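Everything numeric in this text was worked out from a predicted model, so none of it was measured.
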Amino acid sequence: MAIITAKPGDLGEKAIIVGNLQRMRTVSSLLEDSKLVSEFAGYYTYVGKYKGEKVSVVFHGIGIPSLTLVTHDLYNLGVKEIIRFGSATGLKDVKPGEVVVPIGYSYNLGGTFYQYLNGEFTAYALTPDYELLNKVVNNLKAKQLKVRVGNVFTSDALFTHSKEFLDKLSSRNHIAVELEGAGLYFLSNLLGFKAVSVHLIYRNANGESMPAEDINKTEKIIAEALLESL
């Protein structure tokens, strides 16, 4: 294993991965008998049960290289379903507080993808598991959340997100932009595990933002829906 020090069998077959430590604590708090099973280089893995189902909650860090290290470890440890719970910037008419579920990611292929593909492909489908996506969308809507399903752009460079860049993404019918999701869909298709991402929109390209006091409350509701989807 590159990051996760747990042993095969410790984690079960289902996991929620996050790139925010407060979000990790929010999800872990909903598990029964939650315990820390791995801590290495600032990466944490918790395991507990939700309605009798064994679930891992794993911090994946920031950026595609970090995410793929963690998710490849999870795959090697026997995890077969992964939901990524992150945030994103809304584009087009997407508002803060809405939830975006990517039906596909756009991404300018970078070093991680090239290393995995080893020259075999110059493009790769970045799509989720259809059944898991439907289950997640239905459970989110059942919580009275506003859900948007569409194309999302993964960017490696947060500080390049100028107004002109965001406007261009919107004009190409992306509904959000974020930093890691393409890596999850890439690896899930390449290795053969089920995956889907979910993004809470903290802010949008028009400068609107979610009130800080609403974020934790909304993330707890989303976390419940995601746990019910596994």
Taking [Y]'s backbone N and O only, do any of them form a donor-acceptor pair with [X]'s side chain (distance below 3.5 Å, no angle check)?
| X | Y | value |
| --- | --- | --- |
| Asp129 | Ala195 | no |
| Ser38 | Ile4 | no |
| Asn138 | Asn134 | yes |
| Ser28 | Arg25 | no |
| Glu180 | Gly63 | yes |
| Gln115 | Thr112 | no |
| Ser34 | Leu30 | no |

query: Do you reckon Leu140 sits in the same ILVMFWY cluster as Val94, going by side-chain contacts under 4.5 Å, direct or chained?
result: yes

Give the ring-plane orientation class for [X] versus [Y], where under 30° counts as parallel, over 60° as perpendicular and anything between as tilted.
| X | Y | answer |
| --- | --- | --- |
| Tyr46 | Tyr44 | parallel |
| Tyr75 | Phe193 | tilted |
| His199 | Tyr105 | perpendicular |
| Phe186 | Phe113 | parallel |

- request: Verify the distance criterion only: is there a donor paired with an acceptor across the side chains of His60 and Thr71 at less than 3.5 Å?
  value: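 No, no side-chain donor-acceptor pair sits under 3.5 Å.
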
- prompt: Any side-chain donor paired with an acceptor under 3.5 Å for Glu178 and Thr154?
  reply: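 A pair is found: one side chain offers a donor N or O, the other an acceptor, under 3.5 Å apart.
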
task: Begin from the C-alpha positions of Lys92 and Asn173 and carry the test side chain to side chain donor-acceptor pair (under 3.5 Å) through to its verdict.
output: CA-CA 8 Å; Lys92 297 181 76 65; Asn173 293 312; 3.2 Å; yes

- prompt: Would the Tyr43 and Phe40 ring centres measure less than 6.0 Å apart?
  reply: no

message: Taking Lys143 first and then Glu224, would you say they form a salt bridge - that is, a charged N and a carboxylate O separated by under 4.0 Å?
response: yes

field: Salt-bridge present (Lys135, Glu81; N to O < 4.0 Å)
entry: no

